[in-house]
Asks: 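Have a look at this one.
Just so it is clear, the model here is predicted, and its values are computed rather than measured. Count residues from 1 along the sequence.
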Amino acid sequence: MTSLDQTGFHFDNSYTHLPEAFYARVNPVPVRAPKMAVFNRELAASLGLNADVLAGQAGAEIFSGNVIPSGADPIAQAYAGHQFGHFTNLGDGRANLLGEHLAVNGERFDIQLKGSGQTPFSRRGDGRAALGPMLREYIISEAMHSLGVPSTRSLAVVTTGEMVFREKPQPGAILTRVASSHIRVGTMEYAAAIDGENPRALSKLANYTLNRHFPDLVSVSEPYLAMLHAVIERQAALIAKWMHVGFIHGVMNTDNMALSGETIDYGPCAFMDHYSHSTLFSSIDQHGRYAYGNQPKIAEWNLTRFAEALVPLLHEDPAQAAGKAKEAVETFTEIFKRHWLAGMGAKLGLLKSETGDFSLAEDLLAWMEQHKADYTNTFRALSSETLPDEIMFRDAKFVEWRARWKKRLPSSALMRTSNPAVIPRNHRVEAALEAAVERSDYSVMERLLAALKSPYGDFSEFAEFRVPGPLGSGYQTFCGT
Ligand code: AMP
Ligand code: MG
């Protein structure tokens, strides 16, 4: 279905052409008093939407689900996933996909409302979301985008005029998420799980995914194997980028890994201050499964689940198919290392690679860990001529490392575009959320968002955003579901 009206939405829905097992047709549940909290004018404009119309009450009505824009065909998507290692049937329990919007250049985007009410997949949940976590996703996903990390985007957050009940009552809100798609590793696991002998659902979803995300692979000789390799490549590149900016996703369940290669489902995520492999903020991750340094291993684990789901399509002989799947996943470590090293090389300003680069990077990180050095600020400091007057920079190990590194004639220009000055620091994010949620004061968040727009610039007016939070603050993040 296609429509053009004054909102600028141009829906062209293809997911609903999949078998009905993949979704439930369900409308958002209306809310009492929708009000715009934040609206992303720039994103709206880039999507070809009418920002002036959508920024007002008309937008609040649409982004709350009270008004369905013409051409939308709301569904909740079915999926499964491994959560903390255990397989579960899931699905959008608190989200509606309004439809797929075609941007002016023809690019296709899912427009999803998160927090839009109960669906057949809600289990015991209320289908709603609290304002704090939705603003958090808005801030962090937009920061990721500006940092150059592939991510779903945030178009708007509206408050609903209703309360949601978590540990304590909180204002309810709905986030409008824009994504290349919401096809997850867990969606492929779901398809594999519902098929009997004949991989009918699986091949439908795999073909759909190929057409949508990997059109160049549709007519190669082994398209499903090629897709597996392409997803591995994108995830390796993505996780390397997370590592480079110090991002910890926090809940890398297979349902939270998108086949598009975008970061998705911002829950208990956070950025690392002082460098440590074991950094972990999520209160629900008691064993540190999703700690900073574990992310590459977990990505590989998730990709193994993806490969297993694809097995029936890889070869008619199950043993040969399993062999192909295994061989593909085994390439992850090397591909990840290549991406990691390329990004670390850029962070160190190295214009060409040499043997020994790996230990050059690792030695710096080991020293940083020992001195609890701030990850972001230390890399940024290395790009300036004079180092800050801090005792750790006088440490013999560092002096020796720096001499070794300087011999490589690092480019400070490359370093400045590879090492952000501003990241969404935990204490700044919390301050922004507190002002918005407790006092309906959005000015703190607006300023933070402005600082995060140009993370690689040197703007003195945003200097305060470079200051780390207190060391050992025991900062914790919560899922907020
Ligand atoms: P998440 O941790 O956000 O990835 O969510 C995991 C699963 O729980 C997904 O299937 C969600 O749709 C579902 N879920 C999370 N919160 C709620 C809620 N408040 N009501 C219903 N389902 C929810
Ligand atoms: Mg999720």
Asks: Within the distance-only criterion (no hydrogens, no angle test), does the side chain of Asn13 pair as donor or acceptor with the backbone N or O of Gly71 below 3.5 angstrom?
Replies: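 Side chain of Asn13 to backbone of Gly71: a pair is present.
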Asks: Please find out if less than 6.0 Å separates the ring center of Tyr208 from that of Tyr15.
Replies: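 Close enough - the centres of the two rings lie under 6.0 Å apart.
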Asks: Any donor-acceptor pair under 3.5 Å linking the side chain of Gln235 with the backbone of Ala258?
Replies: yes
Asks: Using ring centroids (six-membered ring only for Trp), state whether Phe109 and His101 fall under 6.0 Å.
Replies: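 Judged by ring-centre distance (under 6.0 Å), His101 and Phe109 do not meet the cut-off.
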Asks: Nearest 0.5 Å, please: how far is CD1 in Ile183 from CG in Leu205?
Replies: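 Interatomic distance, Leu205 CG to Ile183 CD1, rounded to 0.5 Å: 6.0 Å.
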Asks: Among Arg212, Glu262, His213, Glu100, exactly one meets side chain to side chain donor-acceptor pair (under 3.5 Å) together with Ser181. Which residue is that?
Replies: His213
Asks: Of the options Phe271, Tyr275, Phe281, which is the one that meets Tyr292 in a side chain to side chain contact (heavy atoms under 4.5 Å, CB included)?
Replies: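 Going through the options one by one, the only one that passes is Tyr275.
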Asks: Can you tell which of Met144, Met272, Lys241 makes a side chain to side chain contact (heavy atoms under 4.5 Å, CB included) with Phe247?
Replies: Met144
Asks: Just say parallel, tilted or perpendicular for the rings of Tyr375 and Phe379, cut-offs at 30° and 60°.
Replies: perpendicular
Asks: Just checking Arg200: does its CZ atom have more than 12 heavy atoms from other residues, nucleotides or ligands closer to it than 6.0 angstrom?
Replies: no
Asks: Can you tell me how far the CE atom of Met415 sits from the CG atom of Leu350, to the nearest 0.5 Å?
Replies: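 Those atoms lie 8.5 Å apart.
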Asks: So, the side chain of Asn253 versus the backbone of Asp255: is there a donor-acceptor pair under 3.5 Å, distance only?
Replies: no
Asks: Please determine which of Asp110, Thr152, Asp265 meets the side chain to side chain donor-acceptor pair (under 3.5 Å) test together with Arg177.
Replies: Asp265
Asks: Does any N or O in the side chain of Asn50 come within less than 3.5 Å of the main-chain N or O of Gln6, such that one atom is a donor and the other an acceptor?
Replies: yes
Asks: Roughly how far, to the nearest 0.5 Å, is the CZ atom of Phe9 from the CG atom of Leu102?
Replies: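 Reported to 0.5 Å precision, the distance equals 12.0 Å.
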Asks: In terms of heavy-atom contacts, does CD of Glu327 have more than 12 from other residues, nucleotides or ligands at under 6.0 Å?
Replies: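 No - once you tally the heavy atoms of other residues, nucleotides and ligands closer than 6.0 Å, there are 12 at most.
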